[in-house]
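By convention in this document, chain letters (A, B, ...) are assigned in the order of the sequence lines, proteins followed by strands, and residues within each chain are numbered from 1.
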Amino acid sequence: MLKFTDEHEWLNIEDGIATVGITSHAAEQLGDLVFVELPDAGASFSKGDTSATVESVKAASDVYCPLDGEIVDVNQAIVDDPSLVNSDPQGAGWFFKLKLSDPSAANGLLDESAYKELIA
Amino acid sequence: MNDHTSLKQTPLHDLHVSLGARMVPFAGYAMPVQYPAGVMKEHLFTRSSAGLFDVSHMGQVTIRPKSGRIEDAALALEHLVPVDVLGLAQGRQRYGLFTNDSGGILDDLMIANRGNHLFLVVNASCKEADFAHMKAHLSESCDVELLQDRALIALQGPHAQAVLAELWADVATMRFMDVVEADLHDVRCIISRSGYTGEDGFEISIPAADAPDVTRRILEHPDVMPIGLGARDSLRLEAGLCLYGNDIDTGTTPVEAALEWAVQKVRRTGGTRAGGFPGADRILADFSDGTSRRRVGLKPEGRAPVRGGVTLYADADGKTPAGTVTSGGFGPSVDGPVAMGYVDQAYASAGTKLYGEVRGKYLALVVATLPFITPTYKR
């Protein structure tokens, strides 16, 4: 199940675990990323908490946790090479995997067509 | 996206839009922050080939002596800047500062001797205030005009001379900080060999009506690419150059800002025209007594940028404040974060380790010699 937030994150949810990243639109708006800071595996976040930080040449931006949950994996590859987020934001440029506290809460997020309308 | 209706536009606005620029508000103007290539590529292209910047938002000012003697304009301007203007030869330019009565910096600027008048370039955000300041203090002996009908572009990088030489062969004879008049595509331009990137390059003042055509034709050259404000900032930061409002302002003095070189010996204590500018008591005392803090380069040890506003500490626990970062970001040519800021004199020597508080962590930085790159000015 692919979901989106109005903070320009995508979630690919399978078996209660959401793989989370930022959308192509967000990556394009941010420009060339030069630094990514990810949460520690095991950390718990509430929806809306700052869970990661990305920095472009010009500015730092927060990445908010899209739902309540616990971090079960992070993508070290984007820490080692932040440009992966620009080149493949909705694939190899994923940020972290989140074990959702309440998988049904995902129903409140945007589907792909609603997100596309948002950024149109 | 382009709801910037109250913003002023430079003569090159339509060109930026046609090139796919992302326009942002800056100093009251809609300005290109980046083009489709992006900040990283634009920055690196400027250092390897030639980047073209629209800096038409900056103020271009002429000061014409009523007597007809350029010396009178020079001496009048010396009342506002701690700079040797009288000693500036015809066809030469130098960096200057408008100071206030407490020794702070009102703006930084370029001053050129154009033979029968002085030609100044001042910051966009300060140009109205600078103009009023000059009108108030120079009008007795000079006519001061803020030019409204000229664009200003910069062509910067190792290929800049070769590109311009295809339009005007004599460009190769210019040295760093020379200022001449020449025709580019049959348009009379004022060209100075200077810039804000640390690279060799030129700043070209063009009549507004002709500017889009001249600029478009320079951009047709395969060695030239348009560069936005984003890369302009990372280029100047690597070059160790101050951004007015960030690194220097009314609360910083020239000596604190490590800009002693901008105050020539004749204006310092013992010089033939020592003092006589706003804040001279404080600024000359700074020269003799030193200052409690100083602007320095800062090289973060990790990959995380440490940006303007970050507090610096002498220890990794944030107990002993040591200063503040005034500009910081990522340097594409350095391939890592770079910054500058003010630190207490005790921490100002190169190699001193400091810590900047970023998102609750204390990140290590080392005081570094500026610039971060090797400038290629043609002196």
Side-chain angles (χ1 to χ4, degrees), chain A residues 6-8 22-40 43-46 48-65 71 74-89 93 95-96 115-120, chain B residues 1 20-24 26 31-47 227-238 243 246 300-310 325 327-339 356-361 363:
Chain A
D6 56 10
E7 298 286 353
H8 309 289
I22 65 171
T23 64
S24 301
H25 173 77
E28 194 191 316
Q29 289 297 311
L30 290 166
D32 302 316
L33 295 187
V34 297
F35 180 77
V36 176
E37 189 167 84
L38 293 175
D40 295 328
S44 289
F45 291 99
S46 299
D49 288 351
T50 296
S51 53
T53 302
V54 294
E55 303 222 18
S56 67
V57 176
K58 279 293 282 175
S61 308
D62 291 329
V63 177
Y64 303 108
C65 200
I71 305 292
V74 297
N75 186 6
Q76 182 64 31
I78 65 169
V79 175
D80 297 338
D81 180 10
S83 72
L84 258 187
V85 180
N86 293 107
S87 58
D88 193 8
F95 277 54
F96 52 79
Y115 179 70
K116 281 190 170 153
E117 215 165 283
L118 178 77
I119 60 172
Chain B
M1 285 298 284
R22 186 186 301 171
M23 305 300 287
V24 299
F26 183 83
M31 295 298 292
V33 66
Q34 64 170 77
Y35 298 85
V39 175
M40 193 79 82
K41 283 200 182 76
E42 291 172 25
H43 178 116
L44 295 171
F45 191 87
T46 303
R47 295 237 188 274
I227 311 296
L229 291 181
R232 181 170 158 83
D233 191 55
S234 55
L235 287 159
R236 71 91 195 167
L237 179 56
E238 283 184 342
L243 172 61
N246 279 44
E301 290 196 327
R303 296 291 295 175
V306 179
R307 300 188 187 271
V310 165
V325 176
S327 282
F330 187 84
S333 302
V334 171
D335 191 24
V338 288
E357 186 181 359
V358 178
R359 296 186 287 273
K361 293 176 188 161
L363 305 183

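In terms of heavy-atom pairs under 4.5 Å with chain A, the best-connected choice from G329(B), A231(B), A304(B) is A304(B). Annotation: maximal heavy-atom pairing with chain B below 4.5 Å, among A59(A), G31(A), A60(A), occurs at A59(A). Per-residue counts of heavy-atom pairs under 4.5 Å with chain A were compared for Q34(B), H43(B), K41(B), K361(B); the largest is that of K361(B).
Checked against side chain to side chain contact (heavy atoms under 4.5 Å, CB included), D62(A) has the following partners two or more places apart in sequence or in another chain: T50(A), T53(A), Y64(A). L237(B) pairs by the side chain to side chain contact (heavy atoms under 4.5 Å, CB included) definition with S327(B), V338(B), M340(B), not counting sequence neighbours.
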- [ ] Determine, stepwise, if the pair V34(A) / M40(B) fulfils side-chain contact (heavy atoms from CB on, under 4.5 Å).
- [x] CA-CA 9 Å; V34(A) 297; M40(B) 193 79 82; 3.4 Å; yes
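How far CD of E28(A) is from CZ of R22(B): 7.0 Å, rounded to the nearest 0.5 Å. Rounding to the nearest 0.5 angstrom, the gap separating the CZ atom in R307(B) from the CD atom in E55(A) is 4.5 Å.
Shown here for R359(B) and F35(A), the closest heavy-atom pair between the two residues is NH2-CE2, 3.5 Å. Taking all atoms of both residues into account, the shortest heavy-atom contact from D32(A) to V39(B) is OD2-N, 3.5 Å.
Other residues, nucleotides and ligands contribute only 12 or fewer heavy atoms inside 6.0 Å of the CD atom of E117(A).
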